[in-house]
Amino acid sequence: MKKIIITLDGYSSCGKSTLAKQMARALNYVFIDSGAMYRAITLYFIEHAIDYTNDTAVQEALKHINLEFDYNESTGTSDILLNGRNVENEIREMRISNLVSDVAANQFVREFGVAQQQKMGLQKGIVMDGRDIGTTVFPKAELKIFVTADPAIRVARRYLELSAKNPGITKEEVQANLAMRDEIDSTREFSPLRKADDAVVLDNSHLTREEQLKTALQWVNEKINSEVVL
Ligand code: C5P
């Protein structure tokens with residue numbers, strides 16, 4: 001069957017990566033979490049005290065960053081490696097979430113991320129989630145999905161996920177972090193978060209995982225069939 005590129009964009013904690021993983025599994029595609037790349041860069045910047053507002057320092061630091069994905073048999077998805085070190089868990093910590101959107105707004109960080117993501121798409125057969133995948137990384141992707149969910153539901157979902165690993169975390173803290181990241185992501189100068197004109201919208205506020213997957217796979221089938229007919 002013809003392989004396509006599928007992009008999933010949207011605000012923080014809309015369930016994009018859950019859906020992307022489900023789709024990749026069902027289609028036997030590769031799932032790429034572009035947010036993990038910006039998170040790993042942020043971890044490197046913290047560890048090496050790089051000032052993300054200093055473009056010269058940022059450009060120099062990026063020369064020393066190598067990002068790879070490594071398939072993890074036990075989770076059935078890929079972990080991110082920062083210079084060969086598995087940082088999949090570390091990048092989910094709040095200290096990263098609190099800084100990542102500022103780092104990801106830097107022009108050179110964006111150019112670095114986008115170039116690597118575009119290389120990963122050369123083979124097709126990928127599902128990539130992020131903020132600017134349908135608009136900037138793969139503007140010609142065959143299927144673009146813009147995922148949304150009610151803000152209160154997004155906070156509740158993320159709180160549930162984070163409180164398991166961070167016992168002291170509060171709902172207010174989670175809400176403030178999501179609101180801050182969404183604001184920075186949608187107002188930044190270089191590839192801001194926005195819905196691509198040709199993206200379909202999936203509001204999963206009241207959908208089960210099975211229902212959202214079914215809808216998305218229907219769109220995939222329609223795309224593949226329509227591409228064949230054309
Ligand atoms: O997807 P996730 O929430 O893990 O992404 C972390 C952050 O990385 C986002 O809040 C956003 O600032 C940045 N990001 C981005 N472009 C992407 C993916 C993520 O700017 N394609």
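Residue numbers count from 1 along this sequence. First listed ligand is number 1; within each ligand, the first listed atom is number 1. The model shown is predicted, which means the values in this text are computed figures rather than measured ones.
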Report all N/O contacts between ligand 1 and the protein shorter than 3.5 Å as a table of atom names and distances to 0.1 Å; if there are none, say 'none'.
| residue | atom | partner | partner atom | Å |
| --- | --- | --- | --- | --- |
| ligand 1 | 1 (O) | R131 | NH1 | 3.1 |
| ligand 1 | 3 (O) | R131 | NH2 | 2.9 |
| ligand 1 | 3 (O) | R181 | NH1 | 2.8 |
| ligand 1 | 4 (O) | R39 | NE | 2.7 |
| ligand 1 | 4 (O) | R39 | NH2 | 3.4 |
| ligand 1 | 10 (O) | S101 | OG | 3.2 |
| ligand 1 | 10 (O) | R131 | NH2 | 3.3 |
| ligand 1 | 10 (O) | R181 | NH1 | 3.0 |
| ligand 1 | 10 (O) | D185 | OD2 | 3.0 |
| ligand 1 | 12 (O) | S101 | OG | 2.8 |
| ligand 1 | 12 (O) | D185 | OD1 | 2.6 |
| ligand 1 | 12 (O) | D185 | OD2 | 3.2 |
| ligand 1 | 16 (N) | R110 | NH2 | 3.0 |
| ligand 1 | 20 (O) | R110 | NH1 | 2.9 |
| ligand 1 | 20 (O) | R110 | NH2 | 3.4 |
| ligand 1 | 20 (O) | R188 | NH1 | 2.7 |
| ligand 1 | 20 (O) | R188 | NH2 | 3.3 |
| ligand 1 | 21 (N) | S34 | OG | 3.0 |
| ligand 1 | 21 (N) | R131 | N | 3.1 |
| ligand 1 | 21 (N) | D132 | OD1 | 2.9 |

ask   = Any Lys/Arg nitrogen of R158 or E161 sitting under 4.0 Å from an Asp/Glu carboxylate oxygen of the other?
value = yes
query = Between D182 and R154, is the closest basic N to carboxylate O distance under 4.0 Å?
reply = yes
request  = Could you give me the CA-CA distance, side-chain angles and deciding distance for R95 and E90, then say whether salt bridge (Lys or Arg N to Asp or Glu O under 4.0 Å) is met?
outcome  = CA-CA 9 Å; R95 65 189 177 119; E90 227 171 315; 3.5 Å; yes
Pairs touching residues 162-173 that satisfy side chain to side chain donor-acceptor pair (under 3.5 Å), sequence neighbours left out = none
query = In Å and rounded to the nearest 0.5 Å, what is the CE to CZ distance from M128 to F31?
reply = 9.5 Å
inquiry  = With a sphere of 6.0 Å drawn around CD of Q218, does it hold more than 12 non-hydrogen atoms of other residues, nucleotides or ligands?
reply    = yes
